[in-house]
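Working notes for the structure below.
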Amino acid sequence: MYRDPVESLEPLHHRQAAIRTLRVGMIGIGTVGSGTFRVLARNRADIAARAGRSIELVMVAARNLERAAGIVGDSVALTADAMHVATHPDVDVVVEVAGGTGPARDWVLTAIAHGKHVVTANKALLAVHGAEIFAAAREKGVIVAYEGAVAVSIPIIKALREGLAANRIEWVAGIINGTTNFILSKMRDEGLDFAAALAQAQALGYAEADPSFDIEGIDAAHKLTLLAANAFGMPLRFADAQVEGITALQGVDVACAEQLGYRIKLLGVARRQAAGVELRVQPVLVPAAHLMAQVNGSMNAIMVKSDAAGLTMYYGAGAGSEQTASAVIADLVDVARLDGVHAAQHVPHLGVHAHATNALAVLPRAAVHTSHYLRVPVHALDQIQAIAAGLAERKVPVRQVALAAERPGVGPQVLVLTGPVEQGALDLAVHALQARAEVAGPVTTLRVESLEG
Ligand code: HSE
């Protein structure tokens, strides 16, 4: 007997659910929460048309209720108790935009236990507690969506999971922290000092509540962990990532990199190798003519190398109120479409394919193979060849040697660009170099990324 396939796949109560308003409870109404409220209200009709049903903010939990009322008016129920939102029967989906990894973990797990979908922009929470959270969500058949957690305005999670679903991904690399890119751009273009540039980033709402997460590379490592898990189907391995921020970066290296035709960017790199995955955040030299070097201010950009699509690149705002709201609401639209649909039809959670590539370990720092930049302070200008010879003796391929342009208050410096070499071998060579009589101070090394296929 003929049966309507839609009828057979989709029980009536699911179809009824699909036309009901999606009721949103939000925890936190700071930079991201207020942006989400504004954009939801402003683009209400378009969002409803795209979601197939209306999306309504029904409840907000906030620490400061007076301030919250000033933002949402009296159209939304307010509570000081986030657990109230996480458990309330009138809430279909909880948007967690309060941040932090302590109470936020409890709220999210409680919401899941109550059968609610969760949308969050909380990269720290997912990088650290994601395994537990996604397992709980799988168990309950609910969605945990987090597009706003990575490079806010760029739909990179969607690109990796859906747009590039046909591909084997080889590497993902990008500028994934707006605050540090803003600071580096201000220092380079306007000669601002580090502290002044950071203060501006904080005033613009780009920085984390604790800005050391930004400047020490931790925020970028949280995001990289999520990118690598999506790209390679590997578990979330934040604790294994190599993380270096921009606090130790010196202005002289920014200038010397420019002299050699490079710019310094804080890059997150996740690269599949035969023996494991490189998972690292650090300031690196990228060729000045490369598109990645043109990404300035708080903008982010991510490149993905995959076997069928080849190189693709994604660019957009990496921080900001409505920029993050854009991703949060896109996730709400997905939830609105998929709520009531069998969990097997959902876009998979992280870790679902982990069995296939679980063996992927994070490579130790010493095994990472890249080119390097070295700045070697010397006693005299004629010591350039001795430095190059010292490196060659240790089997470090030397691609270019130059003298740094003179700078007031800075002695003579030899600049070296190496060919690809293992970090462990480079470290030994630099150690030996450091002991040479010609060398007048600490040798600085930075990785060089070509970002080519
Ligand atoms: N502090 C983060 C950044 C905010 O600067 O990129 C967006 O994740």
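The chain is numbered in sequence order, starting from 1. Start at 1 and go down the list; that is how both ligands and their atoms are numbered. In this text the structure is predicted, and so the values were computed from the model without any measurement.
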Min side-chain heavy-atom separation [X]-[Y] under 4.5 Å:
X	Y	result
Arg188	Arg263	yes
Leu249	Leu184	yes
Trp107	Met83	yes
Leu204	Phe182	yes

Proximal ligand 1 atoms for Asp214, defined as those under 4.0 Å from one of its heavy atoms
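Numbered from 1, ligand 1 contributes 1 (N), 2 (C), 3 (C), 5 (O).
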Within ligand 1, which atoms have a heavy atom of Lys223 less than 4.0 Å away?
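Near Lys223, the atoms of ligand 1 are 2 (C), 3 (C), 6 (O), 7 (C), 8 (O).
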Under 3.5 Å side-chain donor-acceptor pair for Thr120 and Glu96:
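Yes.
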Counting heavy atoms only, which part of Asp219 comes closer than 4.0 Å to ligand 1: side chain, backbone, both or neither?
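Side chain only.
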Side chain or backbone of Thr179 under 4.0 Å from ligand 1, or both, or neither, by non-hydrogen atoms?
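Contact part for Thr179 vs ligand 1: both backbone and side chain.
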Quick one: look up the protein heavy atom nearest [atom] and list residue, atom name and how far away it is.
atom	answer
atom 6 (O) of ligand 1	Gly178 N, 2.7 Å
atom 8 (O) of ligand 1	Lys123 NZ, 2.6 Å
atom 7 (C) of ligand 1	Gly318 O, 3.3 Å
atom 2 (C) of ligand 1	Glu208 OE2, 3.1 Å

Run the salt-bridge test on Arg38 and Glu322 with the 4.0 Å N-O cut-off and return the result as yes or no.
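Between Glu322 and Arg38 there is a salt bridge, with a charged N closer than 4.0 Å to a carboxylate O.
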